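These notes are about the structure you will find just below.
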Amino acid sequence: MEKNEPTTSKYDAALAKYDTQLNDEDIAAKTAQIIEEKAAGNHTEEVKKFLFHCIDLTTLNTTDSDESVMNFVKGVNRLDEEYPDLKNVAAICVYPNFAEVVKDTLEVEDVKIACVAGGFPSAQTFTEIKVAEAAMALMDGAEEIDIVMNVGKFLSEDYENLCDEIQELKETCKEHTLKVILETGALKTASNIKRAAILAMYAGADFIKTSTGKLQPGATLEAAYVMCQAIKEYHKLTGNKIGFKPAGGINSISDAINYYTIVKEVLGEEWLNNGLFRLGTSRLANQLLSDITGKDAKFF
């Protein structure tokens, strides 16, 4: 190699294996076509029950307290007693300081304890603090950790430090699930979303997630389509199945069914389980429950 010849980093080499030059209008058209042609057929009771089982039931409020989180978890316990034939939510997602409260209160099997960590929601703190926060949450009972990718580093193309940080957090999580939030609303373009998704998976994400819900816009169907395409291509190249989680602004049953439709059409039936598909929401749980049972439900 000659002295002045630019070197290609391993991150650029990884990205070069994918088509990341996307046209936003083209993505919007493809997404709209899938929804128009396929979504109506998914408005079934079976799909609604499945979506309920995929919810990461979330409380991330400034006003959260030990008591409010305890009552939140008791709703999940009560659901199991009152509707034993309905599969419960996938996980309860809280701030890291509440992991122990959830662990001590939760009586239901197969509902995971998830915590946001790593300087959520901005990710703007020291890597050492991010690692310590995730480790403490895991020590207190968390089984899944949701972190935010450092968007500033991504937009500055500091891929090495971005990926090193995610990798370090995955090493902290060990066998536990690491979900990496891309904050797609801040990435703005389909090309950026695709690149961010690939880098997050490359660095060790078990799931990629659209948004924190703290920044607008949150999840969009176009971002979901791009992320699912990235997951599909990554699986084809590596054999690794990465999960997908839309979150932020999923306000209606129709919204949830649209995301389900994208996953089904892009990734296929293999991804239609709550080990690979989650919905980050709280308000949707009562809506789905009311629709499924035919009664006004106010569990959460």
Side-chain angles (χ1 to χ4, degrees), residues 24 27-28 30-32 34-35 38-39 42-43 47-48 50-60 89-93 112 114 116 120-121 144-149 151 177-190 192-194 196-198 200-201 205-232 234-235 241-268 270-285 287-288:
D24 289 352
I27 297 297
K30 286 178 180 174
T31 305
I34 289 173
I35 298 305
K38 303 291 185 180
N42 294 324
H43 281 260
V47 169
K48 289 170 188 173
F50 169 72
L51 289 170
F52 186 82
H53 186 46
C54 292
I55 288 176
D56 279 2
L57 194 67
T58 304
T59 180
L60 297 171
V89 295
I92 294 170
C93 184
K112 301 287 188 185
V116 295
F120 180 92
E144 302 181 348
I145 298 292
D146 291 35
I147 65 158
V148 184
M149 180 190 77
V151 177
T177 298
L178 177 68
K179 305 191 198 97
V180 177
I181 303 164
L182 307 186
E183 200 65 287
T184 53
L187 299 179
K188 300 191 186 307
T189 68
N192 276 346
I193 293 167
K194 181 87 174 272
I198 292 160
M201 292 186 288
D206 299 301
F207 260 79
I208 51 174
K209 176 177 167 183
T210 57
S211 322
T212 60
K214 305 294 185 185
L215 189 78
Q216 296 304 319
T220 66
L221 292 170
E222 292 79 11
Y225 176 82
V226 172
M227 289 168 70
C228 287
Q229 284 288 356
I231 290 169
K232 183 178 183 177
Y234 185 80
H235 175 245
K241 285 184 181 175
I242 306 301
F244 172 64
K245 178 179 171 181
I250 303 172
N251 297 324
S252 69
I253 293 171
S254 185
D255 287 344
I257 288 172
N258 286 344
Y259 285 106
Y260 169 92
T261 303
I262 296 288
V263 172
K264 184 180 179 184
E265 296 305 316
V266 177
L267 290 168
E270 285 180 81
W271 263 261
L272 295 181
N273 60 77
N274 77 359
L276 289 169
F277 178 51
R278 296 286 180 82
L279 291 160
T281 181
S282 51
R283 69 190 75 183
L284 184 65
Q287 288 182 46
L288 277 168

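Model, not experiment: these values are computed from the prediction. Note: hydrogens, waters and symmetry copies are ignored here, and every other heavy atom, side chains too, is used.
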Rounded at 0.5 Å granularity, tell me how far NZ in Lys264 sits from CG in Leu272.
7.0 Å
Distance-minimising heavy-atom pair for Ala114 and Asp146:
CB-OD1, 4.4 Å
Testing the basics here: between Ile257 and Leu51, what is the closest heavy-atom pair and its distance to 0.1 Å?
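Of all heavy-atom pairs spanning Ile257 and Leu51, the closest is CG1-CD1, 3.7 Å.
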Mind checking whether [X] and [Y] have side chains closer than 4.5 Å, heavy atoms only?
{"X": "Thr177", "Y": "Lys112", "value": "no"}
{"X": "Leu267", "Y": "Phe277", "value": "no"}
{"X": "Thr281", "Y": "Ile55", "value": "yes"}
{"X": "Phe52", "Y": "Val89", "value": "yes"}
{"X": "Lys194", "Y": "Ile27", "value": "no"}
{"X": "Leu284", "Y": "Asp255", "value": "no"}
{"X": "Ile231", "Y": "Trp271", "value": "yes"}

Decide side chain to side chain contact (heavy atoms under 4.5 Å, CB included) for Val180 and Phe207; before the verdict, give the C-alpha distance in whole Å, the side-chain angles of both, and the deciding distance to 0.1 Å.
CA-CA 6 Å; Val180 177; Phe207 260 79; over 6 Å; no
Decide if atom NZ of Lys38 counts as having more than 12 heavy atoms of other residues, nucleotides or ligands within a radius under 6.0 Å.
no
Between the side chain of Glu183 and the main-chain N/O of Thr212, is any donor-acceptor distance below 3.5 Å?
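Yes, the answer is positive, given that a donor and an acceptor are paired below the 3.5 Å cut-off.
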Salt bridge (charged side-chain N to carboxylate O under 4.0 Å, His left out) between Arg278 and Glu144, worked out
CA-CA 12 Å; Arg278 296 286 180 82; Glu144 302 181 348; 2.8 Å; yes
For residues Gln287 and Ser252, is any side-chain donor paired with an opposing acceptor at under 3.5 Å?
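No, no side-chain donor-acceptor pair sits under 3.5 Å.
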Please state whether the rings of Tyr260 and Phe50 are parallel, tilted or perpendicular, taking 30° and 60° as the class boundaries.
perpendicular
